[in-house]
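In what follows, every chain begins at residue 1, and chains take the letters A, B, ... in the order their sequences are listed. Note that the structure is a prediction, hence the values are computed from the model and not measured.
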Protein chains: 2
Amino acid sequence: MEYLNDMALFVEVAKARSFRRAAETLGMPNSTLSRRISLLEKSIGLRLLHRTTRRIELTEAGQLYYERSKRIVEEARIAHEQLGEMVAQPSGVLRVSLPVDFATTYLAPMLPEFAALYPGMDFDFDLTPRNVDLVAEPFDLAIRMAAPQTSNLIARVIARLTPRLYAAPGYLQQKGEPHHPSELKQHQCLTMQNIGSWILHREAESVETTVGSRFRGNSVAMIRRLAVLEMGISALPERVVMEELASGQLRRILPEWQLAPTSVYAVTETRLLPAKTQRFIEFLRERLREE
Amino acid sequence: MEYLNDMALFVEVAKARSFRRAAETLGMPNSTLSRRISLLEKSIGLRLLHRTTRRIELTEAGQLYYERSKRIVEEARIAHEQLGEMVAQPSGVLRVSLPVDFATTYLAPMLPEFAALYPGMDFDFDLTPRNVDLVAEPFDLAIRMAAPQTSNLIARVIARLTPRLYAAPGYLQQKGEPHHPSELKQHQCLTMQNIGSWILHREAESVETTVGSRFRGNSVAMIRRLAVLEMGISALPERVVMEELASGQLRRILPEWQLAPTSVYAVTETRLLPAKTQRFIEFLRERLREE
DNA sequence: AATGATTATTCCAACAATGGCGCAATCTTT
DNA sequence: AAAGATTGCGCCATTGTTGGAATAATCATT
């Protein structure tokens, strides 16, 4: 069963009618080539080439074998080329698991452009807060807001989002507008679950302050909604609150200060990615770099 | 270009949907199998299998590759099997170089039977006294009366012919019939070229005697003809003079004595013989053993 | 829940394939 | 005719591959 490579070599030799030329086109020493063909002949038990020191010609069996093998090797080559094209020309279904907020806020607006770029691709988005198991479930890609703990997954940073502070004008009117991070302690600070403090940066300066509020949630949309409803101060990337800023529902506070950037990761099971996945990640990274 | 074997391995794995089972049917350790598939994937740059430690399934690319490769590997297998059948079922043209005397005396009578045995075979006999170059000329086989000096040829003994002494009754009447080998010195002994003496055997006894005559030749037929024409005593295998014995043209002399057997060789360029050649040699050896 | 069974992968020593090199046999050109 | 070029093949140190054991990760069963 281990004769297929040698078959390809034989086809090349038969085509060139010379060991030397065949070895040259194959990029291997003719000593190896000669030996491999000899072994092939031994394994099938008869001669394929009639050898003179100067010239080689096909035996009857060799002629027959060549006719068949030629086609087979050619087909194999084409199969591989098509596989190569799959890497180059993305197609098929891209299955992505990603957070709801990322999907609605970041992905949705840029998706039409990407879809137009690759007409051969279909998409299957799984919007879920849970950490899907990439190995068990057939996802090509997951987008996460934190690096995965399991080390056997490959995580690429596709964006760094810098949260800034926003509040509703109504809220500020009621509670007053803070002019230094230290004043945040007296405010309702709408945070994600498990967040106890904010570290605010201004140039080289940084101030940590414990924050909290009556509301916690694992949804950016929820926090934004609460902020609009005058429930407190939110720390969100600019793009998330773009509409609310434009309409005046939210207003940036402490404009010189910002939180440490949080990374967005594209997580895959392996580095050997089909083109569709590669292009999608590239596209995201390119568009999100601007943030 | 060296991916064909791995392709076959992948087909087996995809078929079995398991490394372990595939390794078993392939008769190789699954460690090797796993590594080879990994290398294949790396070489084409994308994953073919979606792995769980417990189960494997095909990726999109793997599915596509499997569909194509399956057929290719199957065709390759068939090509090899057909080649194997060529070894088993003789067909094609058998090209033999052989001495004229051997052809007419020994081969011709048994050829119809052999030809009937293998209807798929055609024959091309080159009757020549010269030592044809098996390497340069496209002969499958040469039959020689002496072992070849060149060591890179394969010589098989197919017969041992025991020459005995025959003479024409007319010759014996003229010159008298010898009753001991020592008397042969006074006779015309028709020998092949380059033969200066005969060693005659009777049971454990052996006698060497220098022989010679006015005639020498490299043709058995010539010597037989000369013997019939009362020109001397000939040393020939029995089968050669069978007709002359039956018709009384020749008569055996010194019937208890015989010369050392001379071997007949089937000489080939290689041991890797197609069925046609193998069968022909077998057939000859079987029929000539009786001598 | 936890243990045992099954499966893919990784590690490392033994092994085999590789590829320069030289040789012998040809063919070609001066 | 003769020397040079070309070609296939055998030899042997080096490199790369192999395969058994250990490992990690899952599934099934108690």
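- A donor-acceptor pair under 3.5 Å is formed between the side chain of A:Thr59 and the backbone N or O of A:Arg47.
- Separating the CD atom of B:Glu41 from the P atom of C:dA8 is a distance of 13 Å, rounded to the nearest angstrom.
- When the P atom of D:dG8 is taken as reference, atom CD of A:Glu24 falls 12 Å away, rounded to whole Å.
- Rounded to an integer number of Å, the gap from B:Arg20 CZ to D:dG20 C1' is 16 Å.
- Electrostatic pairing of A:Glu75 and B:Arg68 does not count as a salt bridge here, judged by no charged N lying under 4.0 Å from a carboxylate O.
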Which nucleotides of nucleotides 9-17 of chain C have their base under 4.0 Å from a protein heavy atom (B), which only their sugar-phosphate (S), and which neither (-), written as one string 5' to 3'?
BB-------

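- Between the P atom of D:dG19 and the CG atom of B:Leu26 lies a distance of 11 Å, rounded to the nearest Å.
- Between the CG atom of B:Leu9 and the C1' atom of D:dG19 there is a distance of 14 Å, given to the nearest Å.
- One finds no salt bridge joining B:Glu282 and B:Arg285 here, because no Lys/Arg side-chain nitrogen approaches an Asp/Glu carboxylate oxygen to under 4.0 Å.
- Classification of A:Arg21 and A:Glu12 as a salt-bridged pair fails, no side-chain N sitting under 4.0 Å from a carboxylate O.
- B:Thr25 places a side-chain N or O within donor-acceptor distance of the main-chain N or O of B:Ala22, the cut-off being under 3.5 Å.
- Atom CD1 of A:Ile37 is separated from atom P of D:dC9 by 10 Å (rounded to the nearest Å).
- Each of B:Lys42, B:Arg36, B:Arg35 was scored for a salt bridge (Lys or Arg N to Asp or Glu O under 4.0 Å) with B:Asp6, with one residue passing: B:Arg36.
- When the P atom of D:dT18 is taken as reference, atom CG of B:Asn5 falls 10 Å away, rounded to whole Å.
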